[in-house]
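First the structure, in the form of structure tokens, and then the observations on it.
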Amino acid sequence: MEPISLILAALAAGAVAAAKDTAGTAVKDAYESLKALIKKKFAEKGKTDDSDIVDKHEKKPDSEGVKTLLKEELLEAKIDRDAEVIKTAEELLKQLKPEEFAAGKYNNINVGDDIKGMVGDGTFKGIAGDISGGNISQNIN
């Protein structure tokens, strides 16, 4: 699953759950944390006006137009590549959809080419066998 799909799924499920009186405090807090984090990331990138789309999405989580605009803004700001946002979205989905999460629906997140913090010898031990080769370079920002 692509990170943008995970983030959008968490926001949509969180908006629907938060609107219900039956949603627990933990779910509402997790949803509010995700929204606040995304708004913070927009602000860090100088895109404070774009954070309004998160609130619009909360009011109309089923609107295709709002979803499309939210997706565009998240991608443009590269928030879909932010490990903290992805982890927060995963935690929310674990609470909201534990069966689907346990079944692997929201696993195998492919962050793309902006992987940060990896250290190793170029060898990955995977289920299907070993994968090796290539150079590992490190950029510290």
Side-chain angles (χ1 to χ4, degrees), residues 1-120 122-141:
M1 171 178 266
E2 294 296 318
I4 190 68
S5 299
L6 174 89
I7 295 166
L8 291 171
L11 284 171
V16 170
K20 296 179 182 176
D21 291 334
T22 57
T25 304
V27 168
K28 288 182 180 180
D29 288 348
Y31 174 60
E32 290 300 322
S33 292
L34 178 60
K35 284 188 344 179
L37 180 59
I38 290 171
K39 288 179 178 186
K40 177 184 160 206
K41 298 295 180 177
F42 275 132
E44 287 173 358
K45 296 183 184 282
K47 296 180 161 285
T48 51
D49 291 344
D50 294 340
S51 68
D52 291 341
I53 190 63
V54 177
D55 295 325
K56 288 178 184 172
H57 180 264
E58 181 177 35
K59 292 175 184 166
K60 295 182 177 185
D62 294 327
S63 167
E64 288 303 319
V66 174
K67 277 191 239 181
T68 299
L69 183 57
L70 176 59
K71 181 178 180 178
E72 287 175 10
E73 298 300 336
L74 290 169
L75 290 170
E76 184 179 310
K78 296 185 179 171
I79 293 173
D80 63 311
R81 296 180 182 186
D82 187 285
E84 186 180 8
V85 172
I86 293 167
K87 183 173 174 33
T88 304
E90 285 176 332
E91 291 301 319
L92 177 57
L93 286 170
K94 279 182 192 177
Q95 291 181 42
L96 290 171
K97 300 184 177 202
E99 299 85 16
E100 292 177 21
F101 200 90
K105 181 173 181 178
Y106 302 108
N107 295 351
N108 300 319
I109 304 304
N110 179 6
V111 180
D113 55 28
D114 272 349
I115 298 172
K116 296 182 179 174
M118 289 189 68
V119 177
T123 303
F124 173 76
K125 303 276 186 204
I127 295 171
D130 296 345
I131 301 171
S132 63
N135 295 323
I136 297 175
S137 62
Q138 181 180 17
N139 294 323
I140 300 175
N141 297 327

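None of the values given here were measured: they were computed from a predicted structure. Quick note: numbers below take in every heavy atom, side chains included, and nothing from hydrogens, waters or symmetry partners.
- For the atom pair R81 CZ and I4 CD1, the distance stands at 11.0 Å (nearest 0.5 Å).
- Counting all heavy atoms, side chain and backbone alike, I53 lies closest to L69 at CD1-CD2, 3.5 Å.
- Between L11 atom CG and I38 atom CD1 the span is 4.0 Å, to the nearest 0.5 Å.
- Summarising the geometry of V85 relative to L34, their closest heavy-atom pair is O-CD1, 3.9 Å, with the distance given to 0.1 Å.
- Residue K97 holds its NZ atom at 10.5 Å from CD of E99, rounded to the nearest 0.5 Å.
- Taking the charged nitrogens against the carboxylate oxygens, E32 and K35 do have a contact shorter than 4.0 Å, which makes a salt bridge.
- The minimum heavy-atom distance linking A17 with V27 is given by the pair CB-CG1, 4.0 Å.
- Within the model, atoms CG of L96 and CD of E91 stand 11.5 Å from one another, a figure rounded to the nearest 0.5 Å.
- Pairs engaging residues 64-73 under the salt bridge (charged side-chain N to carboxylate O under 4.0 Å, His left out) rule: E64-K67 [sequence neighbours left out].
- Shortest non-hydrogen contact noted between I86 and D80 is CD1-O, 3.4 Å.
- By the 4.5 Å heavy-atom criterion applied to side chains, L8 and L74 are counted as neighbours.
- Residue A30 comes nearest to L92 through the heavy atom pair CB-CD1, 3.7 Å, listed as atom of the first residue, atom of the second, then distance.
- Separation of atoms CD (E84) and OG (S33) is listed at 10.0 Å; rounding is to 0.5 Å.
- When all heavy atoms of L93 and A13 are compared, the pair lying nearest together is CD2-CB, 4.4 Å.
- A distance of 4.0 Å separates CG of D82 from NZ of K41, quoted to the nearest 0.5 Å.
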Worksheet item: Given K87 and E90, is the salt bridge (Lys or Arg N to Asp or Glu O under 4.0 Å) satisfied, shown in steps?
Response: CA-CA 5 Å; K87 183 173 174 33; E90 285 176 332; over 6 Å; no
